[in-house]
Participant: 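Could you have a look at this structure, given as structure tokens, before my questions?
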Amino acid sequence: MASPTTTHTAVRRPLDALRFDMAGPPALNRVVADHLRRLGARARDREGEDIRLRGGEFAPVTARTAWGAAGSGVEDEATAQAVTGVMAVHGRRHGTPRGLGADYLATATGVLTVQGLLAGLIGQVRGGPATQVRTTADRAGLLAVSQYLAAAGADEPEAVEAAPGGPPFTSADGVLFELETLDPGDWAAFWRALEAPADAIRAGWRPFQFRYATACAPFPEVLHEVTRRHPWARIRQAAGRSGAEVCRLRTLAERAGEDDGADPWTLRALSAGYAASAAAAGRPPTPAADRPLAGLTVLEAGRRIQAPLAAHLLGLLGARVTRIEPPGGDPLRGMPPACSGVSARWLALNRGKEAVEIDIKSPADRNRLRELAADADVFLHNWAPGKAAELELDAEHLAAVNPSVVYAYTGGWADRLDDAPMGTDFMVQARTGVGEAVHPAGEPPVPSLMTLLDVLGGLHGTEAVLAGLLLRERTGQGVRVDSSLLGAADTLLAPALHRAAAGAEPRRPAGFRHPLATSDGWIVPSDDSAAAAAAYDVRGMCTEDALDLLRSHGLTATAVTTDLSALHHDPRLSGSISRDAHGAPVVPDPWSFA
């Protein structure tokens, strides 16, 4: 563990007494400015290209954001989504590439930039050099599709056919709703209560179960027909009796009406202060600029995507990450498709981590976990709500054995909604209006089957941990940090919610970010060029000729990546994709430090 610096009792937030100068592309820096303010820094505008954060005991740390490499054609949200495969993955449920109506990559890039600034300050206060961090939206896009890219490069095909289809469902009285269950018995009980055919129930489970992995769910159409025969009240009754959960798709206007403006994470001191332990009396190795967390340790008890991704990013920043896995290891290691016998998707989130098998149901093993936590800088988990307290592994329990710990929880709802359903990606999308925001006006709201909030929630989890580590170093206190999928949704939706609250149309206009079909593929104009590009019929032209035509008229456009395996050789990207020891694809780090 890192020993504390001199305590500054006036510090209440990680960036108190710091100020930042903002410059660079406004779309990429919206989240940066908002989150730096929420973390305590004060803003001052200036001319230039860099974001500069300074003050207090710190030398300046700077950041530079960009859409992609100069001259690559990656010039805005639309082109970044097209090049990195985001449009291809989001469009799988529709059968054709689709652009996300919300500025997803700009949002992710902003969160990654804040991460880089916080990591630079942590490295500096631990004796490392002042740094400059660079982030690009194309690398954020590669991170967002990394699991899908890993599957595309695996040794075997997907476990389920990638074909169009998926939720939401519609009731007889016109209610659009999302369905969620992690249990095949609950799935079957729900559909039997609605008198669905047994063969359709059996055939539907596997594509429904794997929709998180494939971004589509081609289950039998008869299941949609079944829900259209029953009113919403009957469907809710069937869910209540079966153990499955349903959630009506809410509108952006509804979400805007209840939005409390809360921060996307919370930070709370755990102790009045601590003395350096014997193990921490000699400080960890001085971090290098590109590995600002070197010498710090993270203990991760994560499932699925959100917490494992947060820990993965901390590992890329230099921390030593140890995963807590159940006896026999994480079952997701065997999730198809595999690279050299290991799940390609699992590797995308967990490569390079150490693993310790712990049976958290066993009192002896829980004591062993506490012993491991006593020497960790961070304990990170995403167990079900209330589980940590039930196991006596909550923040107060671990602070008793390690007063300096940063205890991090990445959850679904952060206890902010009284009527919240199960806190999974697609349910949070449904409940918050994300399903409406990702499609332009005139289209029905449909939650994306790309795991938008799991990934963005993981990014928020890393950001919260870094904020907690910096606050610990500045105050000498252990810290509890909480982040959530709800917080991630609010960050993504902020511009749309602002428009809705003002009584304006919250969604982008009809046809927004729809790729244009060519004779051999798809192209996408930049947002600024889209209206003019719509005047040209390129359906009979090959992709290169269509691009030449638009560019000859001064318009910006690029080809849409539809085959993720082609990303390995795409010259438009600002960083190269490599292979790990298992042969699985490895996307470039989302930030670079100097």
Participant: Do V434 and P447 have side-chain heavy atoms sitting under 4.5 Å apart?
Facilitator: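 No, side chains not in contact.
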Participant: For D138 and S574, does a side-chain donor sit closer than 3.5 Å to a side-chain acceptor?
Facilitator: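 Yes, because at least one side-chain N or O of D138 sits under 3.5 Å from a partner of the opposite role on S574.
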Participant: So how far is it from L452 CG to L485 CG, rounded to the nearest 0.5 Å?
Facilitator: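 One gets 11.0 Å once the value is rounded to the nearest 0.5 Å.
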Participant: Students often mix this up, so state it plainly: with edges at 30° and 60°, are the rings of Y409 and H381 parallel, tilted or perpendicular?
Facilitator: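 Ring orientation of Y409 relative to H381: tilted.
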Participant: Counting C-beta onward and ignoring hydrogens, is there a side-chain heavy-atom pair between V86 and L105 closer than 4.5 Å?
Facilitator: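 Side-chain contact under 4.5 Å: yes.
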Participant: For the pair L564 and V89, evaluate side-chain contact (heavy atoms from CB on, under 4.5 Å) and give the outcome as yes or no after the intermediate values.
Facilitator: CA-CA 9 Å; L564 297 190; V89 177; 3.9 Å; yes
Participant: Should we count CD of E161 as having more than 12 external heavy atoms under 6.0 Å?
Facilitator: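 Atom CD in E161 is not packed in, count stays at 12 or less.
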Participant: Return the minimal non-hydrogen interatomic distance between A408 and V465, and the atom names on each side.
Facilitator: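 Looking at all heavy atoms of both residues, the shortest contact is CB-CG2, 3.6 Å.
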Participant: Between F208 and F426, is the ring centre distance below 6.0 Å?
Facilitator: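 Ring centres of F426 and F208 not closer than 6.0 Å.
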Participant: Under the side-chain contact (heavy atoms from CB on, under 4.5 Å) criterion, do D527 and F512 qualify, and how do the steps go?
Facilitator: CA-CA 8 Å; D527 287 339; F512 185 69; 3.8 Å; yes
Participant: Would one find more than 12 heavy atoms of other residues, nucleotides or ligands at under 6.0 Å from atom CG of D415?
Facilitator: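 Atom CG in D415 is not packed in, count stays at 12 or less.
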Participant: Quick one: does any side-chain atom of S484 pair with a main-chain N or O of G411 as donor and acceptor, under 3.5 Å?
Facilitator: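 Not confirmed, S484 side chain does not pair with G411 backbone.
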Participant: Is D454 close to L309 at the side-chain level, that is, under 4.5 Å between some pair of heavy atoms?
Facilitator: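 They are not in contact (no side-chain heavy atoms under 4.5 Å apart), so the answer is no.
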Participant: Nearest 0.5 Å, what's the CZ-CZ distance between F219 and R211?
Facilitator: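 If I round to the nearest 0.5 Å, the distance is 8.0 Å.
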Participant: May I ask you to decide if L453's main-chain N or O and D425's side chain share a donor-acceptor pair within less than 3.5 Å?
Facilitator: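 Present.
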Participant: Using the benzene-type ring in the case of Trp, are the ring centres of W205 and F190 under 6.0 Å apart?
Facilitator: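 W205 vs F190: aromatic centres not under 6.0 Å.
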Participant: Before giving the answer on salt bridge (charged side-chain N to carboxylate O under 4.0 Å, His left out), spell out for E325 and K353 the whole-Å C-alpha distance, their side-chain angles and the decisive distance to 0.1 Å.
Facilitator: CA-CA 11 Å; E325 299 189 2; K353 299 177 183 178; over 6 Å; no
Participant: Please check if any side-chain donor atom of R572 sits under 3.5 Å from a side-chain acceptor atom of T558, or the reverse.
Facilitator: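 R572 vs T558: donor-acceptor pair found between side chains.
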Participant: Please confirm whether the backbone N or O of A88 pairs with a side-chain atom of W522, one donor and one acceptor, at under 3.5 Å?
Facilitator: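 Judged by distance alone, no pair lies under 3.5 Å.
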Participant: Give a yes or no on whether the backbone of A193 and the side-chain of R234 come within a donor-acceptor separation of less than 3.5 Å.
Facilitator: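 Checked: pair present.
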Participant: Give the C-alpha distance, both sets of side-chain angles, the deciding distance and a yes or no for side-chain contact (heavy atoms from CB on, under 4.5 Å) between T561 and T84.
Facilitator: CA-CA 7 Å; T561 297; T84 58; over 6 Å; no
Participant: Applying the salt bridge (Lys or Arg N to Asp or Glu O under 4.0 Å) criterion to R431, which one of E180, E178, E245, E258 satisfies it?
Facilitator: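 The residue from E180, E178, E245, E258 that satisfies salt bridge (Lys or Arg N to Asp or Glu O under 4.0 Å) with R431 turns out to be E258.
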Participant: When you compare the side chains of D76 and W67, does any donor N or O come within less than 3.5 Å of an acceptor on the partner?
Facilitator: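 Checked: D76/W67 side chains show no N/O donor-acceptor pair below 3.5 Å.
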Participant: Side-chain donor-acceptor pair under 3.5 Å between T518 and T543, yes or no?
Facilitator: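 The answer is yes; a qualifying pair exists.
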Participant: Using 0.5 Å steps for rounding, measure from the OH atom of Y148 to the CZ atom of R345.
Facilitator: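 CZ of R345 is found 8.0 Å from OH of Y148.
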Participant: Output yes when R508 and D103 qualify as a salt bridge under the 4.0 Å nitrogen-oxygen rule, no when they do not.
Facilitator: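 Here R508 pairs with D103 in a salt bridge, since their nearest N and O are under 4.0 Å apart.
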Participant: Are the ring centres of H94 and H439 closer than 6.0 Å?
Facilitator: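 Centroid separation for H94 and H439: below 6.0 Å.
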Participant: Locate the shortest heavy-atom distance separating P97 from T562; write the atom from each residue and the value.
Facilitator: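 Closest approach of P97 to T562, heavy atoms only: CG-CG2, 3.9 Å.
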Participant: Answer yes when R507 and E436 have at least one side-chain N-carboxylate O distance shorter than 4.0 Å, and no when they do not.
Facilitator: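 Yes, this pair counts.
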Participant: Return the CG to CG distance between D537 and L516, rounded to the nearest 0.5 Å.
Facilitator: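 That separation rounds to 9.5 Å.
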Participant: State whether Y212 and R304 meet the cation-pi test: NZ (Lys) or CZ (Arg) under 6.0 Å from the six-membered ring centroid, and within 45° of the perpendicular axis.
Facilitator: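 Flagged: R304 positioned over aromatic ring of Y212.
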Participant: Is R250 paired with D259 through a side-chain N to carboxylate O contact shorter than 4.0 Å?
Facilitator: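 No, no charged N to carboxylate O under 4.0 Å.
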Participant: State, to 0.1 Å, how close G487 and P264 come at their nearest heavy-atom pair, and which atoms those are.
Facilitator: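 G487 and P264 have their closest heavy atoms at O-CB, 3.8 Å.
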Participant: Does a sphere of radius 6.0 Å around CZ in R236 hold more than 12 heavy atoms from other residues, nucleotides or ligands, not counting ones at 6.0 Å or beyond?
Facilitator: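 Counting neighbours around CZ of R236, 12 or fewer heavy atoms of other residues, nucleotides or ligands fall under 6.0 Å, so no.
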Participant: Do NZ/NE/NH1/NH2 and the carboxylate oxygens of D260 and R416 come within less than 4.0 Å?
Facilitator: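 So D260 pairs with R416 through a salt bridge.
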Participant: Could you tell me whether R579 atom CZ has more than 12 heavy atoms of other residues or ligands within 6.0 Å of it?
Facilitator: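 Atom CZ in R579 is crowded, with more than 12 foreign heavy atoms closer than 6.0 Å.
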Participant: Decide yes or no for E463 and S483: does some side-chain heavy atom of the first lie under 4.5 Å from some side-chain heavy atom of the second?
Facilitator: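 Counting from C-beta outward, E463 and S483 never come under 4.5 Å.
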Participant: Using 4.0 Å as the upper bound for N to carboxylate O, is an ion pair formed by D173 and R228?
Facilitator: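 Looking at D173 together with R228, the answer is no, because their closest N to O distance does not fall below 4.0 Å.
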Participant: Does the side-chain contact (heavy atoms from CB on, under 4.5 Å) test come out yes or no for I324 and E300, once each step is laid out?
Facilitator: CA-CA 6 Å; I324 302 302; E300 175 222 324; over 6 Å; no
Participant: Can you tell me if S171 and R229 form a side-chain donor-acceptor pair at under 3.5 Å?
Facilitator: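 No.
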Participant: Could you measure the distance from the NE2 atom of H568 to the CG atom of D570? Nearest 0.5 Å is fine.
Facilitator: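 Here the interatomic distance stands at 11.5 Å.
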Participant: State, yes or no, whether a side-chain contact exists between P220 and E225 at a heavy-atom distance under 4.5 Å.
Facilitator: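 P220 vs E225: side chains apart.
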